[in-house]
Amino acid sequence: MSTDYLSLSVHTAQSAVPYVPGKSIEELARDSGLRVEDIIKLASNESPLPSNPRVISAVHQALSTIARYPDDNGFELRRIIGKKYGVDPNGVTLGNGSNELLIMVARAFLERGRTAVFSQYAFSVYASATKSAGAFAREVPAKNFGNDLKGITEAIDEQTRVVYLANPNNPTGTWVEKPPFEEFLASVPSDVIIVLDEAYIEYADDLSIPNGLEYISRYPNLIVCRTLCKAHGLAGLRIGYAASSPQVANVLNRVRQPFNVNSLALAGACAALENDAYLEFGRRVNRDGLRQLQEGFLRLGLSWIPSQANFLTVDFGGRAQWIYDTLLANGIIVRPLVGYGLPDHLRISVGLESENRRLLDVLEQLLTQYL
Ligand SMILES: *Cc1c(COP(=O)(O)O)cnc(C)c1O
């Protein structure tokens, strides 16, 4: 007789929905017989650039120390973050990707009987982190696919302890501007933790977009989460950080696993933050790529959600699933959004010029074929 371990697991595990990542290049190669070199991945909002040589060299050097545990409090990296961004290093918490920080916030501030509030079409980890802490997830209807800050404020009640807000938002790319954001900060009660998830802030070009780090000293309930896994190109190393008041950082540290960030990630992150050339080049490639894709989509008669990030969420109507499958068969991986309640949309990460061109060429063939 086999044991049903799912029914043995705790309620929060039984009701959990596993995170569905974009398909990997290796997985598609295995499933399709296509060669790895012939596949392009525009699905997980990673940097399309080759790895940063400065990071590679720093990681190489750090390899000689891997018989030892890493520096548990990441002193050097927190010092660099503090200096670079003008924040108190004692308010900086490091995570195994900023994902881990989002989960740490839930573990530290949520439990049964408490509520977290976030928008419809918010990053799926907000819901999973909230539910795995046993708390209730209150989803506020989106406005034009983005965060409705007034609606979110109104949804806060006595039970609410955490609000999650991504700016720019994933999977829609939408953003909130300074004046409504400042109004929002001022209207959230001080006993509610505000998690401002700035995973894509390095790509945001619009000067009207707030820089969350500027508000930490005024709002001790604000946690700004950032990552080195997107624009900085360290996705495979898994590293992110949260900046907050030292009091809040102290709480996060209580639920943090010992040695949660490995020594290669620490070394790579220090190298990435010490020189902005890679980041600046990536921003330029992204700006050009966004323009290239938008011109292409316009030509193909497609509409998309305006984005300040490194991806565009495109409306394919009832053809979305077919387009996704057929792109895959052609060696192009994009991201379906059925799980986000956007079955007609596909999220397409900005790639290199040649990758964007190949996507547009294949799309053009498919769209004429589908008619
Ligand atoms: C990618 C992403 C993250 C986290 O990424 P990590 O790789 O865990 O640092 C967090 N929030 C949003 C909205 C994201 O899209």
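For ligands, and for the atoms within them, numbers begin at 1 and follow the listed sequence.
With ring centers used as reference points, Tyr69 lies under 6.0 Å from Phe259.
Scanning the protein for heavy atoms near atom 7 (O) of ligand 1, the closest one is Arg238 NH1, 2.7 Å. At the shortest separation from atom 14 (C) of ligand 1 among protein heavy atoms lies Lys230 NZ, 3.1 Å. The protein non-hydrogen atom at the shortest distance from atom 12 (C) of ligand 1 is Asp197 OD2, 3.4 Å. At the top of the distance list for atom 9 (O) of ligand 1, counting protein heavy atoms only, stands Thr227 OG1, 2.5 Å. For atom 4 (C) of ligand 1, the closest non-hydrogen atom of the protein is Ser98 OG, 3.0 Å.
Inclusion of Tyr126 in the set of residues having an N or O under 3.5 Å from an N or O of ligand 1 is not warranted. The shortest N or O to N or O distance between Asn45 and ligand 1 is not under 3.5 Å. For a threshold of 3.5 Å applied to N or O pairs, the pair formed by Asn170 and ligand 1 contains at least one separation below that value.
A donor atom on one side chain and an acceptor atom on the other are found under 3.5 Å apart for Asn253 and Arg256. A donor-acceptor contact under 3.5 angstrom links the side chains of Asn45 and Tyr200, judged on distance only. Side-chain N/O atoms of Glu100 and Asn260 include a donor and acceptor closer than 3.5 Å.
Salt bridge absent: Asp197 and Arg226 never bring a charged side-chain N and a carboxylate O closer than 4.0 Å. A salt bridge does not link Lys41 to Glu355: none of the charged nitrogens lies less than 4.0 Å from a carboxylate oxygen. A salt bridge links Arg283 with Glu280: at least one charged nitrogen is closer than 4.0 Å to a carboxylate oxygen.
For the pair Arg347 and Phe311, the cation-pi criterion (under 6.0 Å, within 45° of the ring axis) is fulfilled.
Taking every non-hydrogen atom of Tyr200 and a distance limit under 4.0 Å, the qualifying atoms of ligand 1 come out as 1 (C), 14 (C), 15 (O). Near Gly97, meaning under 4.0 Å from one of its heavy atoms, ligand 1 places the atoms 6 (P), 8 (O), 9 (O). Those atoms of ligand 1 with a heavy atom of Cys229 less than 4.0 angstrom away are 7 (O), 9 (O).
Taking a 4.0 Å cut-off on heavy atoms, Gly240 fails to register as neighbouring ligand 1.
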